[in-house]
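Here, residue 1 is the first one in the sequence, and each next residue gets the next number. In listed order, ligands and their atoms are each counted from 1. For the numbers below, each heavy atom of this structure counts, side chains included, while hydrogens, waters and symmetry mates do not.
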Amino acid sequence: MKLLEIQSSVRQEGSVSRTLASKFIHAWRSHQIDVKQILRDVGANPPKLPTAAWVVANYTPPQARTQEMRDELAESEMLIEELATAERIVLGVPMYNFSVPTNLKAYIDNVVRVDRTFSFDRSTGMFGSLLTGKKALIISSRAGGYAPGTPTAAIDFCEPYLRFILNFIGIEDVEYIEVPNQFGSSEERQQATETALERLMELAQTW
Ligand SMILES: Cc1cc2nc3c(=O)[nH]c(=O)nc-3n(C[C@H](O)[C@H](O)[C@H](O)COP(=O)(O)O)c2cc1C
């Protein structure tokens, strides 16, 4: 079983998403026989942003790419390979400005690529997904609270975007655990963190 852990908080010290992901992974691994775990820390080391040269290389058919174009796409190809061969994916994702951290968006731009992780049929205008058989867990810390049914639910662009983009490339089994109120009182923060941890420990038994 290959587990890919993607961390996107720019913080190491005191990061709630990193701490809860570690606790979940530790508990989950105790139920697994053989796990190969890989950490992709885009919070600490964001992938290169796409450039004009990258775009040209991306839309050039693989057999027609020059060495320079292949070099341009090398990091993206490595990230896609890493994702494509993982069966379980844990994402630590703080909410930044109501959406995902820039570093994670840079990762997404590198791995969501036509004919690599999704397909596009020009004759029908239909998209297809090229990844299969994976489960993802998103642990999303945030200062406020955006739970379904609350007035602020509509301004959480993090959850709907991540669910959509993972589905788009074929990752349909997605668990999303919100860790709200991180700027609340210490009691509010502690309670929100404990509630999320309880859900994670329960999930670790069956995921
Ligand atoms: C650049 C930046 C933007 C943020 N934007 C939001 C936001 O829009 N809504 C929110 O509730 N919290 C926001 N926060 C707070 C973080 O989501 C919160 O501190 C979270 O716990 C960070 O995750 P971490 O502890 O894993 O680093 C923001 C934090 C940063 C650094």
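Glu5 pairs in a side chain to side chain donor-acceptor pair (under 3.5 Å) with only one of the listed residues (Gln37, Arg40, Arg88), which is Gln37.
Defined by atom type and a distance below 3.5 Å, a donor-acceptor pair is missing between the side-chain atoms of Gln191 and Asn181. Using a 3.5 Å distance cut-off with no hydrogens or angles, the side chains of Arg70 and Gln67 do pair a donor with an acceptor.
The aromatic rings of Phe127 and Phe120 sit tilted relative to each other, their planes meeting at an angle between 30° and 60°. Note on ring orientation: taking the six-membered ring where Trp is involved, the planes of Phe168 and Phe118 are tilted (angle from 30° to 60°).
Taking 4.0 Å as the cut-off between side-chain N and carboxylate O, Arg113 and Glu77 count as a salt-bridged pair. The pair Lys135-Glu175 does not meet the salt-bridge criterion, since no charged nitrogen lies less than 4.0 angstrom from a carboxylate oxygen. Salt bridge status for Glu82 with Lys2: absent, with no side-chain N to carboxylate O gap under 4.0 Å.
Looking only at protein heavy atoms, the nearest one to atom 2 (C) of ligand 1 is Tyr96 CD2, 3.6 Å. Scanning the protein heavy atoms around atom 20 (C) of ligand 1, the nearest turns out to be Ser141 OG, 3.7 Å. Arg11 NH2, 2.6 Å is the protein heavy atom nearest to atom 25 (O) of ligand 1. Counting only heavy atoms of the protein, atom 11 (O) of ligand 1 lies nearest to Tyr146 OH, 2.7 Å. For atom 5 (N) of ligand 1, the closest non-hydrogen atom of the protein is Asn97 N, 2.8 Å. Nearest protein heavy-atom contact of atom 12 (N) of ligand 1 is Ala143 N, 3.1 Å. Scanning all protein heavy atoms for the shortest distance to atom 19 (O) of ligand 1 gives Phe183 CE1, 3.5 Å.
The CG atom of Leu49 sits 9.5 Å away from the NZ atom of Lys105 when rounded to the nearest 0.5 Å.
If you look at Ser17 next to ligand 1, the close heavy atoms, those under 4.0 Å, come from the backbone and the side chain alike. Residue contacts with ligand 1 for Met95 involve both N, CA, C or O and side-chain atoms from C-beta outward (heavy atoms, distance under 4.0 Å). If you look at Arg142 next to ligand 1, the close heavy atoms, those under 4.0 Å, come from the backbone and the side chain alike.
Less than 4.0 angstrom separates some heavy atom of Ser9 from each of these atoms of ligand 1: 24 (P), 26 (O), 27 (O). With ligand atoms numbered from 1 in the order given, ligand 1 contributes 7 (C), 8 (O) to contacts under 4.0 Å with heavy atoms of Phe98. Near Pro94, the atoms of ligand 1 lying under 4.0 angstrom from a non-hydrogen atom of the residue are 22 (C), 23 (O). Taking every non-hydrogen atom of Gly144 and a distance limit under 4.0 Å, the qualifying atoms of ligand 1 come out as 10 (C), 11 (O).
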key: Trace of the salt bridge (charged side-chain N to carboxylate O under 4.0 Å, His left out) decision for Arg199 with Glu178   = CA-CA 10 Å; Arg199 287 182 61 199; Glu178 185 192 32; over 6 Å; no

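Not one N or O of Gln182 is nearer than 3.5 Å to an N or O of ligand 1, by distance alone.
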